[in-house]
Engineer: 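Let me give you the structure first, and then I'll get to my questions.
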2 protein chains.
Amino acid sequence: MNVMNASPRRKELTRLAAQLFVQEGFDRTTVRMLAQEMGIKSGSLFHHFKDKQEILAAVIEEGTQNALVIARKALDECAEDPEVRLRAMARAHLETLFTDRNAHVVALFEWRRLDPAASAHLSHLRDAYEALWVAVIDDALEAGLIHGDRFLVSRFVLGALNWTVRWYDPNGPRSPDDLADELVAMIMPTSA
Amino acid sequence: MNVMNASPRRKELTRLAAQLFVQEGFDRTTVRMLAQEMGIKSGSLFHHFKDKQEILAAVIEEGTQNALVIARKALDECAEDPEVRLRAMARAHLETLFTDRNAHVVALFEWRRLDPAASAHLSHLRDAYEALWVAVIDDALEAGLIHGDRFLVSRFVLGALNWTVRWYDPNGPRSPDDLADELVAMIMPTSA
DNA sequence: AGAGTAACCAAGCAAGCGCTAGTGTAAACG
DNA sequence: CGTTTACACTAGCGCTTGCTTGGTTACTCT
């Protein structure tokens, strides 16, 4: 049992697990399916992960960490104009949503299968990410770019963005950046 | 085996099943748990439903049918003004989402567990519901109330509304109608 | 060369799963 | 009255589940 290990092998296994969790759902994915996808036998799996729960936690942690990194980078790299930052944040959200699609789909739809301990830890990560959003929304509200309740607006925007994983086809004519811009335009009266 | 039966007993069992499916997820909910919740033994369950899949289909059908009924009633009862209709549709959506919350959470998050046959049938119901939305959005676009791509706008709005089941607390200070109005206001430049 | 370790395998256990078969019983119906 | 129907029960079959155990290989480090 390689408890708190971030070996490259484990990273790869986590990636494969994410894919299977999306295809089948966490509960329907058996350790035997996971092992086969990884080219090993089911028993060997438990050398890398303490139990099945830990695999789920690893998948979700990966995705959320990446989201944080990408969002922070995007905000660092752009000007201080609220509109630019809002657009950058929306773009960053969709970027991570579709480059780490599997991990995020798992994070969004299998969250409840986490045990309380893992859930608590990952909630903090998620909160840190949402805090970035609320800050950007606050600036946009203060600048008069958008209107409404800060809490509601951020929930609505995040909901609209997260829901894209249910219908958006990356091979279609529209790019993720395109999508992000349309969403921002939709809630900004000035750009009619 | 009471195949195509809409007995009141079956209705009640479907309601209880929806609750359990939300609490535990479809896969984790065993027929024994369902039976216990219903006050019978696990074997007796299969007198009312052909198999576990059929329970899931019944739950989802219930919710979607109700959504259709409520939305149609809401549209029938209001004037032809596009803004009024848009607001009515948003209100109707949240109304059904929180009066039949369990059924809708199951419909939204356990959809993939349906077998192909049931999925095909229920997809038609879902499409009929979405068609109502697209029509309302189209009218609002034509009237210049909102702007953007008809397809994207309806997806974004539905996403924002559906996502409310993840964070909205019905016991909080805001009513569902309140929420719906805020969402409509957010995307309507004129009501700033 | 010898020790340590990471990665794997074969085999299988105990528990739990969806579902079936056969039966009992009370009310409804001809 | 006898028969049917609706609904529940007991018992358990056949299978799959997550996970453990005990051992083997291959590589690294001293």
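So that the names make sense, note that chain A is the first sequence line, chain B the second, and so on, each numbered from 1. Computation of the quantities below employed the complete heavy-atom set of this structure, encompassing side-chain atoms and omitting hydrogens, waters and symmetry-equivalent molecules.
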Engineer: How close or far is atom P of C:dC8 from atom CE of A:Met38, stated in whole angstroms?
Structural biologist: 10 Å
Engineer: Given A:Glu62, which of A:Lys11, A:Arg10, A:Arg15 fulfils the salt bridge (Lys or Arg N to Asp or Glu O under 4.0 Å) condition?
Structural biologist: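 For A:Glu62, the salt bridge (Lys or Arg N to Asp or Glu O under 4.0 Å) test succeeds with only one of A:Lys11, A:Arg10, A:Arg15, which is A:Lys11.
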Engineer: Among the nucleotides D:dA8, C:dC19, C:dC8, which one has an atom lying closest to any side-chain atom of B:Ile40?
Structural biologist: D:dA8
Engineer: Roughly, in whole Å, what's the span from CG in A:Leu13 to C1' in C:dA7?
Structural biologist: 11 Å
Engineer: Can you measure A:Asp51 atom CG to D:dC19 atom P for me and round it to whole angstrom units?
Structural biologist: 5 Å
Engineer: Look up atom CD in B:Glu37 and atom CG in B:Leu16, then write down how far apart they are to the nearest 0.5 Å.
Structural biologist: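 These two atoms lie 6.0 Å from each other.
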Engineer: Within the structure, does a side-chain N or O atom of B:Lys41 lie under 4.0 Å from either OP1 or OP2 of D:dA8?
Structural biologist: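 It does not, given that no N or O in the side chain of B:Lys41 lies less than 4.0 Å from OP1 or OP2 of D:dA8.
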Engineer: Establish, yes or no, whether a centroid distance under 6.0 Å links the rings of B:Tyr129 and B:His93.
Structural biologist: yes
Engineer: Please report the distance, rounded to the nearest Å, between NZ in A:Lys11 and C1' in C:dA7.
Structural biologist: 20 Å
Engineer: Looking only at side-chain atoms of B:Phe46, point me to the closest of C:dC8, C:dT20, D:dC7.
Structural biologist: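 Among C:dC8, C:dT20, D:dC7, the one nearest the side chain of B:Phe46 is C:dT20.
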Engineer: Using a 6.0 Å cut-off, check whether atom CD of A:Gln36 has over 12 heavy atoms from anything other than its own residue.
Structural biologist: no
Engineer: I want to check one thing: is the phosphate of D:dA8, taken as OP1 and OP2, less than 4.0 Å away from some side-chain N or O of B:His47?
Structural biologist: no
Engineer: Output the rounded distance in Å from CD (A:Gln53) to C1' (D:dC19).
Structural biologist: 14 Å
Engineer: Rounded to whole Å, how long is the line connecting atom CG of B:Asp115 with atom P of C:dG18?
Structural biologist: 15 Å
Engineer: Would one find a side-chain N or O of B:Ser44 under 4.0 angstrom from OP1 or OP2 of D:dC7?
Structural biologist: no
Engineer: Does any residue of residues 25-34 of chain A have a heavy atom under 4.0 Å from DNA chain D, and if so, which ones, in number order?
Structural biologist: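 Of all residues in residues 25-34 of chain A, the ones placing a heavy atom under 4.0 Å from DNA chain D are A:Thr29, A:Thr30, A:Val31, A:Arg32.
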Engineer: Identify whether B:Val157 and B:Phe151 are in the same connected component of the hydrophobic contact network (ILVMFWY, side-chain heavy atoms under 4.5 Å).
Structural biologist: yes
Engineer: Rounded to whole Å, how long is the line connecting atom CD of A:Glu24 with atom P of D:dT17?
Structural biologist: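 Answer to the nearest Å: 11 Å.
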Engineer: What is the distance, to the nearest angstrom, from the CZ atom on B:Arg10 to the C1' atom on D:dC7?
Structural biologist: 15 Å
Engineer: Are the aromatic ring centres of B:Tyr168 and B:Phe98 under 6.0 angstrom apart?
Structural biologist: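 Judged by ring-centre distance (under 6.0 Å), B:Tyr168 and B:Phe98 do meet the cut-off.
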Engineer: Could you work out which one of D:dC9, C:dA7, D:dA8 sits closest to the side chain of A:His48?
Structural biologist: C:dA7
Engineer: Side-chain contact test, heavy atoms from C-beta onward, threshold under 4.5 Å: evaluate it for A:Phe109 versus A:Val165 and give yes or no.
Structural biologist: yes
